[in-house]
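Presented below is the structure to which this report refers.
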Amino acid sequence: MTRPTIAITMGDPAGIGPEVIMKALARPEVHALCQPLVIGDAGRLRKAGRIVGAEMPVDALTEAGAANFATAAIQCLDLACVPDDLPFGQLSAVAGETAYRCIETAVQVVQAGQAQGICTAPLSKEALHAAGHRYPGHTELLAHLTGTPEVSMMLVSPKLRVIHVTTHIGLIDAIARIEPGLVERVIARGHAVLVKAGIANPKIGVCAINPHAGEGGLFGHNEEAEKITPAVEACRAKGWDVRGPLPADTLFYLAGRGDYDMVVAMYHDQGHGPIKVLGLEEGVNITVGLPVIRTSVDHGTAFDIAGTGIADERSLVEALRQAVGLAPKSAA
Ligand SMILES: NC(=O)C1=CN([C@@H]2O[C@H](COP(=O)(O)OP(=O)(O)OC[C@H]3O[C@@H](n4cnc5c(N)ncnc54)[C@H](O)[C@@H]3O)[C@@H](O)[C@H]2O)C=CC1
Ligand SMILES: NCC(=O)COP(=O)(O)O
């Protein structure tokens, strides 16, 4: 069977993306899994390869269709847009523009059938904005580029899966945005992914917003009853095993010991904190609801260590594995 081609976007060239890509692609198991096609800058990859001591040759391609996965060289669709002297660890509009073009090109490559999924290295949201692309992150940019009205961010680690009702907006705005229809659609997206992954009747726990789920009205303004309970009831009426709203701290404890297949978090840090505590090595970010497959590392650009060669590539390796797992089976 043919290995699926996964388009790996280089992300912000001043961050650790190029280094984790070269480290990941130095692993034979990655090539056994998929045909990696890097979308980025061939010169930057070569530089990163020298830094991390993974000096495989890099073929600079002008079109994805020219990729030759039978060679030992890394196949890079070369956007040739990174100045040689671009410093590591510094925010810039040039780097933000590169990150944007990587994503835009990856979508085109997948839509043209030249890759079966996208796996993203990190970009700096600030650099993206400095380049004039006013998206909170990959998730919203990919939704825009594929004409998808609503998607959800799911974080997956070996012990825990979390899907988010809101992500990159301020906390006050997040609480205002949460309403039963949105909560129900997010639960449904997560449910569909789990069923597709082979969990026939997934057990889903839904977080409350307030401490102790409001403690019978003591904390908050009854947001649980107004914004979450109707969604849980609607899902239960479909026969799904959905419980909540539950106190978030307790729910994460129960999910961590295996009582739930997925947690529904109401806002960014509610879901991200528990996943990150488990370690960024195996955490993966999956965009649920896109017409294309997209997985990502679960960490950022790490400007503090970019260019030093010490970045850990394991989240990228796991993100590639997840992308392959989600890829259409006819292509795999
Ligand atoms: N998928 C993406 O594109 C993501 C992008 N970001 C962006 O990254 C930028 C920096 O975000 P931060 O909150 O500082 O998080 P960060 O993940 O970049 O860094 C947090 C800490 O973890 C360390 N770290 C991160 N990845 C590592 C790796 N692979 N190996 C070893 N150490 C690692 C860093 O050195 C730093 O000490 C922001 O602009 C943020 O928006 C953040 C998360 C995901
Ligand atoms: N906190 C996760 C994160 O920032 C990744 O966002 P995205 O770029 O995948 O939308």
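Numbering of ligands and ligand atoms starts at 1, following listing order.
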Is any side-chain heavy atom of Val284 closer than 4.5 Å to one of Val297? no

If the cut-off is 4.0 Å to any non-hydrogen atom of His268, which atoms of ligand 2 fall inside it? 1 (N)

Mutual orientation of the aromatic rings belonging to Tyr100 and His133 [parallel < 30°, tilted 30-60°, perpendicular > 60°]: parallel

Checking side-chain contact (heavy atoms from CB on, under 4.5 Å) against Ile118, which of Ile6, Ile293, Leu142 comes through? Leu142

Any side-chain to backbone donor/acceptor pair from Glu140 onto Gly137? Under 3.5 Å, distance only. yes

Parallel, tilted or perpendicular for Trp240 and His191, by the 30°/60° rule? parallel

Determine whether the aromatic ring centres of residues Tyr135 and His144 are separated by less than 6.0 angstrom. yes

Would you mind listing which atoms of ligand 2 come within a distance below 4.0 Å of any non-hydrogen atom of Met153? 6 (O), 10 (O)

Does NZ or CZ of Arg177 fall inside the cone over Tyr267's six-membered ring, less than 6.0 Å from its centre and within 45° of the axis? no

Distance in Å, Thr166 OG1 paired with Ile175 CD1, rounded so as to fall on 0.5 Å steps: 6.5 Å

If you measure from the Lys or Arg side-chain nitrogens to the Asp or Glu carboxylate oxygens, is any gap between Arg46 and Glu55 under 4.0 Å? no

Could you tell me, atom by atom, which parts of ligand 2 come under 4.0 Å of a heavy atom of Gly137? 8 (O), 10 (O)

Under 4.0 Å between heavy atoms, the region of Asn285 that gets near ligand 2 turns out to be side chain

Of all protein heavy atoms, the one nearest atom 4 (O) of ligand 2 is Lys125 NZ, 2.8 Å

Can you hop from Leu194 to Ile275 via hydrophobic side chains spaced under 4.5 Å? no

Check each protein residue for a heavy atom under 4.0 Å from ligand 1 and list those that pass, ordered by chain and number. Ile16, Pro122, Leu123, Ser124, Lys125, His138, Leu280, Ser296, Val297, His299, Gly300, Thr301, Ala302, Asp304, Ile305, Ala311, Asp312

Need the ligand 2 atom indices (1-based, order shown) with element for anything under 4.0 Å from a heavy-atom of Thr139. 7 (P), 9 (O), 10 (O)

With backbone taken as N, CA, C and O and side chain as the heavy atoms from C-beta onward, which portion of Arg294 lies under 4.0 Å from ligand 2: side chain, backbone, both, or neither? side chain

Would one find an N or O of His272, backbone or side chain, under 3.5 Å from an N or O of ligand 2? yes

